[in-house]
Protein chains: 2
Amino acid sequence: MKVKKYYESVAPYGREQCAEIICPIQFLMDIIGSKWSVQILRELFRGDMRTHELIEALPGISTKTLTIRLRELEKYGLLIRTVYPEIPPHVEYSLTAKGRELKPVILAMKQVGEQWLHQESCICALELSG
Amino acid sequence: MKVKKYYESVAPYGREQCAEIICPIQFLMDIIGSKWSVQILRELFRGDMRTHELIEALPGISTKTLTIRLRELEKYGLLIRTVYPEIPPHVEYSLTAKGRELKPVILAMKQVGEQWLHQESCICALELSG
DNA sequence: CGGTATCCGACCCGATACTG
DNA sequence: CAGTATCGGGTCGGATACCG
């Protein structure tokens with residue numbers, strides 16, 4: 001009886017391989033649409049990073065979720081995991097060429113996201129009335 | 001006691017308003033990252049659509065999910081819902097100017113998505129060994 | 001340091017039946 | 001035709017403790 005490693009049991013829920021019709025936009029969303037995925041990629045665009053650097057750069061992420069996301073992105077060929085056989089362990093993550101193809105997507109998202117963020121009236125803003 | 005309408009009870013799970021630090025990329029993902037959202041927007045970029053036209057254009061979506069996604073996108077100001085007081089009911093959805101600002105994002109996603117889709121070896125392909 | 005195992009609440013979303 | 005109510009399975013992902 002094959003036992004799945006725990007991070008294999010988690011996959012983007014919308015993904016349906018080889019459906020009759022595949023929308024390339026949804027196809028991409030299924031790859032990068034999980035929580036934290038784009039933020040991990042965003043960090044790696046700044047340069048190669050070690051695990052604890054990612055954890056520090058992404059406040060709130062758990063080691064479990066980080067590992068799952070990294071394995072997914074590695075499986076999709078977007079990043080490479082390099083292990084240096086040292087003690088204590090030393091693991092480095094870096095974007096592949098394929099991963100860097102996401103740059104225009106992430107740039108476009110950044111541009112629109114910033115624009116909308118600045119327009120948005122903050123829900124937490126103090127109400128002066130009353 | 002206020003009773004939430006059922007579609008108000010559903011919101012993108014990653015959204016945290018007014019966090020100390022907000023990544024504009026994640027901010028955008030929280031708006032368009034739910035299942036079906038980008039596909040709905042993709043259809044509306046082709047022109048205004050009625051509810052049943054969207055259902056036909058998005059095979060697999062339920063009326064419930066469609067309604068929830070449409071209300072979300074309307075709440076974010078990305079589309080407008082127009083009701084024509086007729087019998088039978090006639091409702092039309094159209095992108096707002098803000099919604100159309102997503103065009104470069106969706107185009108970039110489409111481009112990369114198509115490229116990767118064509119590279120991908122199909123998991124369902126027959127295995128010739130054995 | 002990096003990763004794993006386990007538990008568990010939250011919620012996403014599909015199916016179905018029903019209303020005006 | 002468009003939308004609502006309700007149910008329920010699946011899984012997402014956070015918290016925590018532990019290992020080599």
Side-chain angles (χ1 to χ4, degrees), chain A residues 3-16 19 26 29-40 48-74 79-93, chain B residues 3-16 19 26 29-40 48-74 79-93:
Chain A
V3 178
K4 281 187 180 178
K5 297 203 179 173
Y6 81 98
Y7 53 78
E8 290 177 343
S9 64
V10 180
Y13 54 82
R15 190 75 180 276
E16 286 160 27
Q26 190 61 44
M29 284 299 296
D30 292 340
I31 293 175
I32 65 169
S34 298
K35 192 175 178 184
W36 296 110
S37 292
V38 282
Q39 309 210 53
I40 292 170
D48 299 358
M49 296 190 79
R50 299 183 58 169
T51 309
H52 70 272
E53 292 175 320
L54 282 169
I55 289 178
E56 287 156 21
L58 303 171
I61 199 171
S62 66
T63 62
K64 172 192 159 188
T65 299
L66 178 60
T67 303
I68 291 174
R69 289 288 98 82
L70 287 169
R71 294 294 183 284
E72 273 174 20
L73 297 172
E74 186 187 12
L79 56 79
I80 289 282
R81 176 171 180 266
T82 308
V83 180
Y84 296 91
E86 302 171 0
I87 292 179
H90 179 167
V91 177
E92 196 112 13
Y93 294 95
Chain B
V3 178
K4 280 188 180 178
K5 297 202 180 175
Y6 81 97
Y7 53 77
E8 291 178 341
S9 65
V10 180
Y13 53 81
R15 189 76 179 275
E16 286 160 28
Q26 190 62 43
M29 285 297 298
D30 292 340
I31 293 175
I32 65 169
S34 297
K35 192 175 177 184
W36 296 110
S37 293
V38 283
Q39 309 210 52
I40 291 169
D48 299 359
M49 297 190 80
R50 298 184 57 170
T51 310
H52 70 273
E53 293 175 320
L54 283 169
I55 288 178
E56 288 155 22
L58 303 171
I61 198 171
S62 66
T63 62
K64 174 191 157 187
T65 299
L66 178 60
T67 302
I68 292 173
R69 289 289 98 80
L70 286 169
R71 294 293 183 283
E72 274 175 19
L73 297 172
E74 187 188 11
L79 56 79
I80 288 283
R81 177 172 179 263
T82 308
V83 181
Y84 297 90
E86 302 170 2
I87 292 178
H90 179 168
V91 177
E92 197 111 13
Y93 293 95

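Below, chain A is the first sequence line, B the second, and so on; all start at residue 1.
Atom C1' of nucleotide C:dA15 and atom CG of B:L66 are separated by 15 Å, given to the nearest angstrom. The nearest whole Å value for the distance from the NE2 atom in A:H90 to the C1' atom in C:dG3 is 15 Å. The separation between A:R81 atom CZ and C:dC1 atom P is 16 Å, rounded to whole Å. For the pair B:L70 CG and D:dG3 P, the computed distance is 7 Å after rounding to whole Å. Between the CD1 atom of A:I55 and the C1' atom of C:dC1 there is a distance of 9 Å, rounded to whole Å. With rounding to whole Å, B:D30 atom CG is found 15 Å from C:dC12 atom C1'. Put simply, CD on B:E72 is 8 Å from P on C:dC13, counting in whole angstrom units. When the C1' atom of C:dT16 is taken as reference, atom NZ of B:K64 falls 11 Å away, rounded to whole Å.
Side-chain atoms of B:R69 come within 3.5 Å of backbone N or O of B:K35 as a donor-acceptor pair. No side-chain donor-acceptor contact under 3.5 Å links B:S34 to the backbone of B:S37. Side-chain atoms of A:E56 never come within 3.5 Å of backbone atoms of A:E53 as a donor-acceptor pair (strictly under, hydrogens ignored).
With distances taken from any side-chain atom of A:R50 to the nucleotides C:dG14, D:dG3, C:dC1, the minimum falls on C:dC1. Listed nucleotides: D:dG3, D:dG13, D:dA17. Nearest to the side chain of B:R71: D:dG3.
Residue A:P89 is classed as a base contact, given a heavy-atom separation below 4.0 Å to a base. Heavy atoms of A:Y93 sit under 4.0 angstrom from primed sugar atoms or phosphate atoms, though from no base atom.
Checked against A:Y93 for a side-chain contact (heavy atoms from CB on, under 4.5 Å), the options A:T82, A:D48, A:L70 give a single hit: A:L70.
Side-chain nitrogen and oxygen atoms of A:W36 include at least one within less than 4.0 Å of the OP1 or OP2 phosphate oxygen of D:dG14. Between A:R69 and D:dG14 there is no side-chain N or O to OP1 or OP2 distance below 4.0 Å. Taking side-chain N and O atoms only, B:T51 has a distance below 4.0 Å to OP1 or OP2 of D:dG3. Phosphate contact (OP1/OP2 of D:dA2, side-chain N/O of B:H52, threshold under 4.0 Å): present. Note on A:T65: a side-chain N or O is less than 4.0 Å away from OP1 or OP2 of D:dG14.
Side-chain to base pairing of A:S62 with D:dT16: no donor and acceptor N or O lie closer than 3.5 Å to each other. Between the side chain of B:T67 and the base of D:dT4, no donor-acceptor pair of N or O atoms lies under 3.5 Å.
Minimum interatomic distance between B:M29 and A:I32 (heavy atoms only, all atoms of both residues): CE-O, 3.9 Å.
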